[in-house]
Colleague: 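Okay, handing you the structure first.
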2 protein chains.
Amino acid sequence: MAGPKRLTQHDIAKLAGVSQATVSLVLNGAPTALARIPQETRERVQHVIRTTGYVADPIARRMAKGLNRILGVFTYEPAFPSEQADFFTPFLLGIEEEAQAQNYDLLLLTGAGVGKDRKIFADGNRLRIADGCLVLGREFDRAELKRLVLGDYPFVAIGRREDAGEPVPYVGGDYTSGTRALVEKARGLGHEKLAYIGPSGPAESIADRWNGFSAAARDGAEPVLHIDAVDRPAGEILDALFASGATAAFFVELADAVRVEVAARERGLSLPGDFSAVVLGSHIRAERSHVQFTSFNIPREEMGRQATAMLVRRIEGAAPVEQILLTCEPVEGETLGPAKKRT
Amino acid sequence: MAGPKRLTQHDIAKLAGVSQATVSLVLNGAPTALARIPQETRERVQHVIRTTGYVADPIARRMAKGLNRILGVFTYEPAFPSEQADFFTPFLLGIEEEAQAQNYDLLLLTGAGVGKDRKIFADGNRLRIADGCLVLGREFDRAELKRLVLGDYPFVAIGRREDAGEPVPYVGGDYTSGTRALVEKARGLGHEKLAYIGPSGPAESIADRWNGFSAAARDGAEPVLHIDAVDRPAGEILDALFASGATAAFFVELADAVRVEVAARERGLSLPGDFSAVVLGSHIRAERSHVQFTSFNIPREEMGRQATAMLVRRIEGAAPVEQILLTCEPVEGETLGPAKKRT
DNA sequence: ATTAGCTGCTAATGCGCATTAGCAGTCAAG
DNA sequence: CTTGACTGCTAATGCGCATTAGCAGCTAAT
């Protein structure tokens, strides 16, 4: 059933003419213990290890000591499918980088459920193979999050998360401030009637954008339109936009902005001449559109890096819960201009 | 962080007034063993389990069973940095999908060396943490491959590999046939003088394309130009192309084809009117060019899936070495047309 | 000569579970 | 009243490792 059986420390011990305990000590004994094993013996053991390619079984290691220098990465959606890949890849890049720097390996938890129905705590919960775990995904299962928070397994979320019983450790992007800055910029350019186009789900990332928008809009500008449904035809959105008298439109999704821009162009309108458009987040694939939208940047790689560092801190030092929001720098772009006077 | 110590079967046993073994049996004993535990006892145990919320520690479980259900993924280049991401992502997608289906987790080996200097057997090598391993990358280190093949650690390469001491288990793309088909198609359109533009390294993927090209070209068409160096200016390549009298150019790298096409357009030439161009492989990011080149598709996702399945077979059943080449379907494109008569 | 201290190792134990051998009791058949 | 079969459970072991206690042999100091 099981393929060729693994080498064990016992095998190494026999080959080196020592005991299993000695092999373990050579491998990772405390300095005080190591000092009592002469150079000669250590080298003999090391040599056998090197020639056989022996590596300690992570499961056993974790069993005995509780740590194995492996970080789990759990994604609520499969990480690589092409629609998702562009979303997850930058995070993974940052994570991989930092993990390597900290000398941890990454265990990609494929989850038990198929496709969309992933659950952390599904069958036999393999989570604990790793020393700790990063959790990412657009939508979190609140019940699972709560269970995680209340448990004693170290984890860090990527993306801001509301308290779930207790505060959730996370590294997120400061969408609220990013959005507010853009709204203020628009106001500075004379925009007084603003449209908000995007979903309004319970997800924190969505809520933050909306909060930033409405907070900034309230004092100075006027939100005149809020289109929730995103599957509406671009032409319809455009119509609503003009009917409302808005001079600037804030899009949560780049895709919507692109669609609306295309529709506008077809009508002979241009941005930002006829109206301004702002996207609340960085473009995943900028090259798909030839328009460089005004927006803010989401520092995904940096989020991955910092989340990883935070997780390691929690694993190694039982650090207190931290919550970090990274600044989302504005992206100048070319779709936000002075407000056009309408009649 | 603070939490009561994890419950163990021992705790459950005490609460239910039975032994640890009984708890384990109730939880997942063989039917024959279960038959000997009366309903009443089972219910008592189940009740305690339910009220305490006990869940078996998956680590200990795997430890006892002897299987980790972890697949390693080793890449010869870091997988996520953006230049590489487009290359690796489709493979990873397939791998993740199949791993999930087979209920394995993925261990991404971040590699010891940073950047280009990755080695599988670098010391501190954590390869064997996993039950088996997938190896991918454009260029393999032959010495390492040999060591892998001769060892008894289950692995599967992605991409065809020459024997290295013994046959290498792999799942690759059939570039030879893919290339041959395209050459034959060109011949059918009247192309008799063909150019081959691309490197000719030792890598199997490169060799296969060249073999397919020269085999197909030999009977019917005539290879009249072979440009190895790829860093030459596009204009120069174009000059050489015309000087040779070739009516169709076969590019190994999409990037070269794009450059040459741009240069041609600048000279007022058009494809496939003035000459035909064929790319030997699928476009990683087609949208970067507005020209849809005639080429063949590399089924990267499927390669990932099948390689994963093959690896699982080897791990679980010690299956014999398999070598699979997947068909690379032609991509019609718009750059291959009838040969133009030259003077 | 005894003690104390050091060196170079190893035996033993436990992590939480799965699994097997087997014990004590009951009951029916011979 | 003995044997055998069956019932209802438990003790014991091992998975591969980390870790601790401690043993035997030696030297230096008292």
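Naming: A, B, ... by sequence-line order, numbering from 1 per chain. Keep in mind it's a predicted model, so treat the numbers as computed, not measured.
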Colleague: Only counting residues at least two apart or in another chain, list the ones meeting ring pair (Phe, Tyr, Trp, His ring centres under 6.0 Å) with A:Y170.
Modeller: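 For A:Y170, no residue satisfies ring pair (Phe, Tyr, Trp, His ring centres under 6.0 Å) once neighbours in sequence are set aside.
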Colleague: For B:F91, enumerate each residue passing the ring pair (Phe, Tyr, Trp, His ring centres under 6.0 Å) test, keeping only those at least two apart in sequence or located in another chain.
Modeller: B:F87
Colleague: Could you list by number each residue of residues 33-41 of chain A showing a heavy-atom separation from DNA chain C of less than 4.0 Å, or answer none if no residue does?
Modeller: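 A:R36, A:P38, A:T41 - these, ordered by number, are the residues of the stretch whose heavy atoms sit under 4.0 Å from the strand.
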Colleague: Check A:Y54 against A:L7 and note the closest heavy-atom contact, atom names and distance.
Modeller: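 Shortest heavy-atom separation between A:Y54 and A:L7 comes out as CE1-O, 3.5 Å.
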Colleague: Who are the side chain to side chain contact (heavy atoms under 4.5 Å, CB included) partners of B:K146, not counting sequence neighbours?
Modeller: B:L150, B:A164
Colleague: B:Q46: what forms a side chain to side chain donor-acceptor pair (under 3.5 Å) with it, not counting sequence neighbours?
Modeller: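 Applying side chain to side chain donor-acceptor pair (under 3.5 Å) to B:Q46 gives none.
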Colleague: Using a 4.0 Å heavy-atom cut-off across all strands, classify B:T22 as base, sugar-phosphate, or nothing.
Modeller: base
Colleague: Just checking B:T8: base, sugar-phosphate only, or nothing, at a heavy-atom cut-off of under 4.0 Å?
Modeller: sugar-phosphate
Colleague: With sequence neighbours excluded, tell me which residues meet side chain to side chain donor-acceptor pair (under 3.5 Å) with A:S24.
Modeller: none
Colleague: Any base atoms under 4.0 Å from A:A56, or only sugar-phosphate, or nothing? Heavy atoms, all strands.
Modeller: sugar-phosphate
Colleague: Using side chain to side chain donor-acceptor pair (under 3.5 Å) as the criterion, list what pairs up with A:T52, not counting sequence neighbours.
Modeller: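 Residues passing side chain to side chain donor-acceptor pair (under 3.5 Å) with A:T52: none at all.
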Colleague: By the 4.0 Å heavy-atom rule, please label B:V23 as base, sugar-phosphate, or nothing.
Modeller: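 The answer is nothing, as B:V23 stays clear of every strand by at least 4.0 Å.
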Colleague: Note the angle between the end axes of the helix from C:dA1-D:dT30 to C:dG30-D:dC1, five pairs defining each, rounded to 10 degrees.
Modeller: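 Rounded value for the end-axis angle: 80°.
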Colleague: Report the residues that fulfil salt bridge (charged side-chain N to carboxylate O under 4.0 Å, His left out) with A:D57, sequence neighbours left out, ordered by chain and then residue number.
Modeller: none
Colleague: Report the residue (A:R44 or B:H10) whose heavy-atom-nearest nucleotide on DNA chain C is the more 5′ of the two.
Modeller: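 Nearest-nucleotide comparison on DNA chain C picks A:R44.
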Colleague: When you match A:K65 and B:S19 each to their closest nucleotide on DNA chain D, which lands nearer the 5' end?
Modeller: B:S19
Colleague: For A:E96 and A:Q100, which I'm curious about, is there any donor-acceptor pair between the side chains at under 3.5 Å?
Modeller: no
Colleague: Walking along DNA chain D from 5' to 3', note the first and the last nucleotide with an atom under 4.0 Å from a heavy atom of chain B, and give both.
Modeller: D:dT7 to D:dG16
Colleague: Provide the full list of salt bridge (Lys or Arg N to Asp or Glu O under 4.0 Å) pairs with a residue in residues 21-42 of chain A, sequence neighbours left out, each pair given once.
Modeller: A:E40-A:R44
Colleague: Listed by chain and number, what are the side chain to side chain donor-acceptor pair (under 3.5 Å) partners of B:Q20, not counting sequence neighbours?
Modeller: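 Partners of B:Q20 under the side chain to side chain donor-acceptor pair (under 3.5 Å) test: B:Q9.
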